[in-house]
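Take a look at the structure below.
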Amino acid sequence: MTQGTNLSIGEAKGRPMLHWVGKRPLDHVTAYPAQLVETFNPTGEAGDAQGLLFHGDNKDVLAWLLANGYRGKVDLVYIDPPFDSGADYIRKVELRGISGGKVDGETYTLGEQVQYTDIWANDTYLQFMFERMLLLRELLSEMGSIYLHCDPRRGAYLKIVLDEVFGEERFLNEISWIRSLPHGNITYGFGRNHDTLLLYTKGERATWHQQYNPHRDEYLDTFYRYTDERGRRYRLISCINPNKNRPNLTYSWNGVTRVWKYSKDRMQRMHDEGLLEYSSNGIPSYRGYLDEMSGVLVQDTWTQISPVMGSSTENEEYPTQKPEALLERIIRASSNPGALVLDCFVGSGTTAAVAQKLGRRWIAADINKGAIQTTSKRLQTIIREQIEAGATPHQPTLGLDPGDAETPPPAALAFSVYRVNDYDRQIQHNEAVALVV
């Protein structure tokens, strides 16, 4: 069966609007069949929570998902699309007995492989992204969020595209992620060492769990200078209210009349629990224990996620690969265990890998066959490790507190690889035509 099914696509919100040469609406899309390539299921488990890995143009993949029951079912989208950088992205490949000769007519060696070409004509890049944003919006649930990874070249344009598709009222954050160490060879202008994450929600309120960074040592040494009889570190917090106009909190305590931060009943409870310390003139301070503090609330500038891969086993030597710590923060913040995470520019498979480790269901897609092979191999390794550790698939009820301090059990220990619209055949056809020309 090769004939496709036409699916209607809702209009963009429409304001504000960005215009470019060749802009056209996407009011429908054709869904083509998907062919099962292989299944990795070492435990023989059954169920529909297993991961889905698609090889093909992601427009075709997203259309297939819409036609097969996934409209409004995706809880989180993270995409790291091409940045329109004007470059070929190369992956080093080991070839036995060959030491890097050039291929006639090509700028890369036999020991290299082009992963994808990030070169676009005129405004085709914006049309490409516009269409995929419309499809991703259709797939997102009302509690869903989308993170778009971009750089300064096209970030401003892409934000307006997202405003048009999702509505500017759905914009939540523009996050700056420090993606590299400071540059020392800059001779003109300031060094560029950050990327941008644009965060939008589908509905008025999306799934959200606050994230925290650990306190710095110098902060702890300055403020948490005390230790109680059990060895717990704490700081002293003044009980005096800086707001002097609070009649309901003005009373006498321990012979001292002040405007206090807390009600008299609460002051009494803290006193009874031994949480108050008194100065020589009778002013109480409250013990704030370090082990009861979550840390420093994460802001929209991410400086504490290393751009270096967390371990040698994580590094797939894939161009534009992102560290797992980056995706872990995103997935923990904007989804629950058992939620469905989608990445249709999956590259080296980091999104799917972290989703698998954090007990989320996942769907991943890429147009590049090398990306599919890298992702599949990476996920097989993770699943085997989970099985060896005695993991049992479990899908918690959505909406439960994920418990950031814990690693949820995997949603599944299997995944299937599909090819959409017989993409390999298209590649062979294109290569044959190029050869003839």
- prompt: Are L276 and C239 close enough, and set up right, to give a side chain to side chain contact (heavy atoms under 4.5 Å, CB included), and what steps lead you there?
  reply: CA-CA 9 Å; L276 295 183; C239 291; 4.0 Å; yes
- request: Test S335 against D75 for side chain to side chain donor-acceptor pair (under 3.5 Å), laying out the working first.
  value: CA-CA 7 Å; S335 71; D75 302 292; over 6 Å; no
field: L76/L342 under side chain to side chain contact (heavy atoms under 4.5 Å, CB included): CA gap, chis, key distance, verdict
entry: CA-CA 6 Å; L76 172 62; L342 168 64; over 6 Å; no
task: Under the side chain to side chain contact (heavy atoms under 4.5 Å, CB included) rule, what do F415 and V417 come out as? Steps first, then yes or no, please.
output: CA-CA 7 Å; F415 68 90; V417 182; 3.9 Å; yes
task: Take N368 and H55 through the side chain to side chain donor-acceptor pair (under 3.5 Å) test and state the conclusion after the steps.
output: CA-CA 7 Å; N368 182 273; H55 178 214; over 6 Å; no
task: Check step by step if salt bridge (charged side-chain N to carboxylate O under 4.0 Å, His left out) holds for D123 and K23.
output: CA-CA 8 Å; D123 289 330; K23 183 177 183 179; over 6 Å; no
- request: Could you walk me through whether E38 and R419 pass the salt bridge (charged side-chain N to carboxylate O under 4.0 Å, His left out) test, one step at a time?
  value: CA-CA 10 Å; E38 61 177 328; R419 182 173 56 241; over 6 Å; no
- prompt: After noting the C-alpha distance and the side-chain angles of K377 and Q373, does the key distance pass the side chain to side chain contact (heavy atoms under 4.5 Å, CB included) rule?
  reply: CA-CA 6 Å; K377 180 181 177 182; Q373 293 169 339; over 6 Å; no
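In this structure, OG1 in T5 is found 12.0 Å from CG in L66, a value given to the nearest 0.5 Å. Taking CD1 from I178 and CD1 from I305, the interatomic distance works out to 10.5 Å, rounded to the nearest 0.5 Å. Taking CD1 of I175 as the start and NE2 of H194 as the end, the distance is 12.0 Å to the nearest 0.5 Å. The CG atom of L197 sits 8.5 Å away from the OG atom of S176 when rounded to the nearest 0.5 Å. Atom CZ of residue R235 and atom CZ of residue R287 lie 14.5 Å apart, to the nearest 0.5 angstrom. With values rounded to the nearest 0.5 angstrom, R233 atom CZ is found 12.0 Å from D228 atom CG.
By the salt bridge (Lys or Arg N to Asp or Glu O under 4.0 Å) test, E385 pairs with no residue at all, sequence neighbours left out. Scanning for side chain to side chain donor-acceptor pair (under 3.5 Å) contacts around T351 gives D343, with sequence neighbours left out. Y418 is linked by a ring pair (Phe, Tyr, Trp, His ring centres under 6.0 Å) to F54, counting only residues two or more places apart in sequence or in another chain. For A391, the side chain to side chain contact (heavy atoms under 4.5 Å, CB included) criterion is met by Q386, P410, not counting sequence neighbours. Taking Y234 as the reference, Y226, Y289 meet the ring pair (Phe, Tyr, Trp, His ring centres under 6.0 Å) condition, with sequence neighbours excluded. When the salt bridge (Lys or Arg N to Asp or Glu O under 4.0 Å) test is applied to K13, no partner is found at least two apart in sequence or on another chain. With sequence neighbours excluded, the residues forming a ring pair (Phe, Tyr, Trp, His ring centres under 6.0 Å) with W20 are F130, listed by chain and number.
The salt bridge (Lys or Arg N to Asp or Glu O under 4.0 Å) analysis of residues 125-139, with sequence neighbours excluded, yields the pairs R24-E131, D57-R132, K59-E131, R71-E138. Counting only residues at least two apart or on different chains, the salt bridge (Lys or Arg N to Asp or Glu O under 4.0 Å) pairs with a member in residues 288-297 are R232-D291, R232-E292. Sorted by first and then second residue, the pairs that involve residues 262-271 and meet side chain to side chain donor-acceptor pair (under 3.5 Å), not counting sequence neighbours, are Q268-D272, H271-Y278.
Although no hydrogens or angles enter the test, the distance criterion places a donor-acceptor pair under 3.5 Å between the side chain of T375 and the main chain of G347. The closest donor-acceptor contact from the side chain of K261 to the backbone of S238 lies under 3.5 Å. In this structure a side-chain-to-backbone donor-acceptor pair under 3.5 Å is present from R360 to L358. Looking at E277, its side chain never comes within 3.5 Å of a backbone N or O of L275 through a donor-acceptor pair. Checking side-chain atoms of W260 against main-chain N and O of Y251 turns up a donor-acceptor pair under 3.5 Å. In this structure, the side chain of Y147 does not engage the main chain of S334 through any donor-acceptor pair within 3.5 Å. Formation of a donor-acceptor pair under 3.5 Å by the R192 side chain with backbone atoms of P152 is not found in this model. A donor-acceptor contact shorter than 3.5 Å is absent between the side chain of T201 and the backbone of R205.
There is a side-chain donor-acceptor pair under 3.5 Å between S416 and Q50. The closest side-chain donor-acceptor pair between H149 and D195 falls under 3.5 angstrom. Between the side chains of Y200 and S145, not a single donor N or O lies within less than 3.5 Å of an accepting N or O. Residues S376 and Q380 have side chains that bring a donor and an acceptor to within less than 3.5 angstrom of each other.
Geometric assessment of R258 against the ring of W253 yields a negative cation-pi assignment under the 6.0 Å and 45° thresholds.
Nearest approach of V259 to N243, heavy atoms of both residues: CG1-O, 3.2 Å. When all heavy atoms of R329 and N213 are compared, the pair lying nearest together is NH2-OD1, 2.6 Å. Of all heavy-atom pairs spanning V298 and W302, the tightest one is CG1-NE1, 3.3 Å. For the residue pair A364 and A352, the shortest heavy atom distance occurs at CB-CB, 4.3 Å.
The neighbour count for N245 CG, taken as heavy atoms of other residues, nucleotides or ligands under 6.0 Å away, does not exceed 12. A 6.0 Å sphere centred on OH of Y224 holds more than 12 heavy atoms belonging to other residues, nucleotides or ligands. Other residues, nucleotides and ligands contribute at most 12 non-hydrogen atoms within 6.0 Å of the CD atom of E204.
In this structure, V341 and R361 have side chains that are not in contact, with every pair of non-hydrogen atoms separated by 4.5 Å or more. Between D366 and V346 there is a side-chain heavy-atom pair separated by less than 4.5 Å. Considering only heavy atoms from C-beta on, D27 stays 4.5 Å or farther from S8 through its side chain.
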Under 3.5 Å, side-chain donor or acceptor atoms of residues 40-47 against the rest of the protein: list the pairs with distances, not counting sequence neighbours.
residue, atom, partner, partner atom, Å
N41, OD1, G44, N, 3.1
N41, OD1, E45, N, 3.1
N41, ND2, E45, O, 2.9
E45, OE1, L413, N, 2.7

Just distance, no hydrogens or angles: give the donor-acceptor pairs under 3.5 Å from side chains in residues 165-173, sequence neighbours left out.
residue, atom, partner, partner atom, Å
R170, NE, K202, O, 3.3
R170, NE, G203, O, 3.3

